[in-house]
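Heads up, the thing below is written out as structure tokens.
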Amino acid sequence: MIVYNTLTRRKEELKTVHPGEVRMYSCGPTVYSQAHMGNMRAYLFMDTLRRVIRMNGYKLLGVMNITDVGHLTSDADEGEDKMQSAAKKTGKSPWEIAKHFTDLFFRDTARLNIEKPEIVAKATDHIADMLEFVEALVEKGYGYETSDGVYFDISKFPSYGKLSGNTRLDDNIAGARVDVNSEKRNPADFALWKKAPKEHIMQWDSPWGRSYPGWHIECSTMSRKYLGDVFDIHTGGVDHIPIHHENEIAQSEALLGHPAVNYWMHVEFMQVDGRKMSKSLGNTYTLDQLEERGYSPMDFRYFCLNTHYRKKLNFTFEGMDAAKTAYSRLLALLKACAASDAKTDPAVIEAFDKEFADAVSDDLNIPLGMGALWTLLKNPPSRDIYEAAMRADKVLGLSLDKCTEEKKEDVPADVRAIADERWTARLAKDWAKSDALRETLASMGWAVKDGKEGYELTKK
Ligand code: AMP
Ligand code: ZN
């Protein structure tokens, strides 16, 4: 398996620390609002990577964090804790907000067929571990106290900036300005720990008084705790490269005396009209909003899979329409395959399997793999093709097996309403009403078949 490593700026063969096992850490959501489709692109990337790793026969241990404290409104330690400001705006507690948006996140990711990593780690569940990490850094001389917190002294870590290539410490590193905090020794020194003003709701005891962790320390701490001192892959969005991940590297390497991560992988942004899709620009869409406009989660997944993860992806409704059309065409072709008794030359199938596996194992070239699937589908329909597509779908995660199911969106709303009413009547054992409604449906051209858990409509 080949992956592109942001650190070395080239594609490399994946060599794991533990034979046959991949250990991977992914930066997860900050749970102060509902994740938007730009965020979802990042988790779709994580999910696809997980699937390709498994396809290559590895055991997988994946960790994702949930940031529920300490992520300030600017990544470079300025502004307010995002959880705290959401609490202020809504009158709810940060704990309630975190719970609500964490649940929503996992509801949305499940709809998108994004699997939950083996371990999901909440920052607030790891305060003691983080505190221990920071105390060790201070003891080693990497951390120093100021009136508002504990900072990492990047001048003590000469390779600071190696991930982004921005090694000029006096530079204006993404908003880190000298005048912001004059007690900082270097402009890009970042907060390990923040002293809590009285009104900061989430705060804990520490050697520096009531306080709370900085954002970056949670990832260094939790990745080490669950994956060990050296692990294989660390993922995130490209926005993490210049600050968050530089800071993680500084913290972990300062503590350990060696690198903690072998491969850094980053997904490019989803854009709208040439600008990043982001809450602050007000150009975001959520999954609910897409569904309201008639797009299914799988339409969106298909839309994303069509562009390589290291390329920018422009979100447009024309693009979504094209994805929706292509996806339903894919299902229709596969439905014909599922129902077919014909055979396909085994050599053709074998060649497809190999082409697909080679493509997706080459730094996740999913678009190329999808191209191979479309080419395969130019053959006359056969069950062999259906089965090959199901194997590919273990990586694509497009629920292609659903092709044989009746498609809800093809049923007009009035027909659906009558069918629902009939189902309710059936459950109430009102057979007369149920039969009458069956007649109504028949007169509208629809046949209904009842199963244990629901009904199926087919056009007559
Ligand atoms: P956040 O909750 O803001 O910390 O972001 C969650 C994840 O989404 C991070 O991995 C970001 O890198 C990623 N992300 C944010 N905006 C976008 C975008 N427009 N396109 C792709 N990924 C994004
Ligand atoms: Zn992180």
Side-chain angles (χ1 to χ4, degrees), residues 6 24-49 63-76 79 81-83 85-86 97-98 101-102 104-105 108-109 112 114 117 120-123 126 130 163 174 190 213-227 231 233-252 260-261 264-286 300 303-304 307-315:
T6 307
M24 164 165 136
Y25 185 90
S26 303
C27 288
T30 307
V31 283
Y32 71 107
S33 68
Q34 185 174 0
H36 57 70
M37 302 326 284
N39 301 134
M40 286 306 174
R41 185 187 193 200
Y43 304 111
L44 274 171
F45 155 67
M46 170 191 82
D47 186 63
T48 307
L49 179 57
V63 178
M64 185 177 70
N65 64 308
I66 299 285
T67 301
D68 57 356
V69 69
H71 192 170
L72 304 192
T73 40
S74 136
D75 284 358
D81 186 329
K82 292 183 179 186
M83 298 304 302
S85 72
I97 292 167
F101 289 115
T102 304
L104 209 51
F105 176 77
D108 286 351
T109 48
L112 288 161
I114 296 170
V120 173
K122 241 171 38 175
H126 296 78
M130 290 189 239
L163 187 67
F190 57 90
W215 172 37
H216 320 293
I217 197 67
E218 70 178 83
C219 292
S220 285
T221 304
M222 300 196 290
S223 60
R224 179 177 180 223
K225 175 169 177 144
Y226 293 108
L227 301 175
F231 60 95
I233 302 178
H234 194 313
T235 73
V238 288
D239 56 329
H240 290 153
I241 299 171
I243 303 176
H244 182 49
H245 288 168
E246 292 291 11
N247 295 354
E248 270 193 54
I249 289 174
Q251 294 166 153
S252 299
V261 177
W264 286 91
M265 296 180 73
H266 295 96
V267 56
E268 252 297 349
F269 273 146
M270 172 167 280
Q271 298 191 316
V272 184
D273 302 325
R275 299 164 84 194
K276 168 189 175 185
M277 181 184 278
S278 83
K279 262 199 92 179
S280 55
L281 293 174
N283 60 3
T284 62
Y285 293 94
T286 62
F300 180 77
F303 174 71
C304 286
T307 301
H308 190 261
Y309 77 92
R310 283 196 286 121
K311 288 207 177 107
K312 292 189 179 76
L313 170 57
N314 203 30
F315 179 89

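Just so we're clear, the structure is a prediction, and the values are computed from it rather than from any experiment. In each ligand, atom 1 is the first atom listed, and ligand 1 is the first ligand listed. Positions are given from 1 along the sequence.
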Report yes if some N/O of [X] lies less than 3.5 Å from some N/O of ligand 1; otherwise report no.
X	result
Met270	yes
Arg41	no
Gly28	no
Asn39	yes

Who's the nearest protein heavy-atom neighbour of [atom], and how far?
atom	result
atom 9 (C) of ligand 1	His240 CE1, 3.4 Å
atom 2 (O) of ligand 1	Thr30 N, 3.1 Å
atom 18 (C) of ligand 1	Phe269 CD2, 3.1 Å

*Going through the distances and angles, do Tyr32 and Phe101 end up as a ring-ring contact (aromatic ring centres under 6.0 Å, His included)?*
CA-CA 7 Å; Tyr32 71 107; Phe101 289 115; 7.8 Å; no
Exercise. Can the ring centres of Tyr25 and Tyr226 be said to be less than 6.0 Å apart?
Worked result: no
> Is the gap between the ring centers of His244 and Phe190 under 6.0 Å?
Replying inline: no
Does [X] reach ligand 1, in the sense of a heavy atom lying below 4.0 Å from it?
X	value
His266	no
His71	yes
Asp239	yes

Numbered atoms and elements of ligand 1 in range of [X], under 4.0 angstrom, heavy atoms:
X	value
Gly237	10 (O), 12 (O)
Glu268	21 (C)
Gly38	17 (C), 18 (C), 19 (N), 20 (N), 21 (C), 22 (N), 23 (C)
Tyr43	6 (C), 7 (C)
Met277	16 (N), 18 (C), 19 (N)
Lys276	16 (N), 19 (N)

Does the pair Phe105 and Gln34 meet the rule for a side chain to side chain contact (heavy atoms under 4.5 Å, CB included), with working shown? CA-CA 7 Å; Phe105 176 77; Gln34 185 174 0; over 6 Å; no
Between His240 and the options His245, His234, His71, His216, the ring-ring contact (aromatic ring centres under 6.0 Å, His included) test singles out His245
Q. Cut-off 3.5 Å, side chains only: do Asn314 and Gln271 have a donor facing an acceptor?
A. no
Residues Thr6 and His266: side-chain donor-acceptor under 3.5 angstrom: yes
Distance check below 2.8 Å: does [X] bring an N, O or S atom to the Zn ion (ligand 2)?
X	value
Cys219	yes
His216	no
His240	no

What angle, in degrees and rounded to 10°, do you get at the Zn ion (ligand 2) when you join it to SG of Cys27 and to NE2 of His244?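 Between SG of Cys27 and NE2 of His244, at the Zn ion (ligand 2), the angle is about 120°.
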Rounded to the nearest 0.5 Å, the CZ atom of Phe231 sits from the OG atom of Ser223 at a distance of 4.0 Å
- request: Enter the distance from Ile233:CD1 to Leu227:CG here, rounded to the nearest 0.5 Å.
  value: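 Rounded to the nearest 0.5 Å, the CD1-CG separation comes out at 11.0 Å.
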Taking every heavy atom of Asn65 against every heavy atom of Gly28, the minimum-distance pair comes out as OD1-N, 2.6 Å
Taking every heavy atom of Val272 against every heavy atom of Asn283, the minimum-distance pair comes out as CG2-O, 3.5 Å
- Item | Non-hydrogen side-chain atoms of Thr48 and Tyr309 separated by less than 4.5 Å |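 Counting from C-beta outward, Thr48 and Tyr309 never come under 4.5 Å.
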